Amino acid sequence: MNTPLQEKIQMKTMVDCTNMLDKLGFTSQFKALSNGLKSLKTNQIYSSADIKIVNFYRFEGESDPCDNSILYALESANGERGTLTDAFGPYSDTNVTNFIQSVEEIQKKVNKHETL
């Protein structure tokens, strides 16, 4: 079992975090559109009422403060699980920002010993 420090080291990059989420069943990739969230795996389009944010992870660039990104772990009402990524800050995608703001249920994990 990993210690919290080992988990932090292992999830230092977005690739590491995405790989961990993939192993936990978050295998779809989503794209935010003006009319909802599209699964790139199934082509299903979800409204914000159909999506729950299970967790999110922020990543900061080492050399450029504008090089920030965020990774969302999402689950749909029909059980599809996947990820959505966006730039964080001035370079964020308006469709992602609008969709995420409209999602009502955000459950950020607070137990640092949990892996998700």
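Computed from a predicted structure; not experimentally measured. Position 1 is the first residue of the sequence, and the numbers go up from there.
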Do the non-hydrogen side-chain atoms of [X] and [Y] ever get within less than 4.5 Å of each other?
| X | Y | value |
| --- | --- | --- |
| L37 | V103 | no |
| F99 | I51 | yes |
| S69 | Y57 | no |

Does D22 use its side chain to pair, donor to acceptor, with the backbone of T18 at less than 3.5 Å?
-> no

Name every donor-acceptor pair, under 3.5 Å, that has one atom in a side chain of residues 23-30 and the other anywhere in the protein, sequence neighbours excluded.
{"residue": "T27", "atom": "OG1", "partner": "K41", "partner atom": "NZ", "Å": "3.0"}
{"residue": "S28", "atom": "OG", "partner": "E80", "partner atom": "OE2", "Å": "2.7"}

Mind checking what makes side-chain hydrogen bond (donor to acceptor under 3.5 Å, both in side chains) contact with D50, not counting sequence neighbours?
-> S47

N78: side-chain hydrogen bond (donor to acceptor under 3.5 Å, both in side chains) partners, not counting sequence neighbours = Y46, S76

How long is the straight-line distance from [atom2] of [Y] back to [atom1] of [X], given to the nearest 0.5 Å?
| X | Y | atom1 | atom2 | answer |
| --- | --- | --- | --- | --- |
| I100 | I70 | CD1 | CD1 | 8.0 Å |
| K31 | N43 | NZ | CG | 12.0 Å |
| M14 | R58 | CE | CZ | 11.5 Å |
| F88 | T97 | CZ | OG1 | 9.0 Å |
| C17 | L71 | SG | CG | 5.0 Å |

Counterpart residues, side-chain contact (heavy atoms from CB on, under 4.5 Å), relative to N98 (two or more places apart) | T94, Q101

Heavy-atom closest contact (S92 atom, A87 atom, distance) = CB-O, 3.3 Å

Identified side-chain contact (heavy atoms from CB on, under 4.5 Å) partner of L74 from the options V54, L84, T83, N55 | L84

Can you list the other members of the hydrophobic cluster that holds I45, where links are side-chain heavy atoms under 4.5 angstrom apart?
-> L33

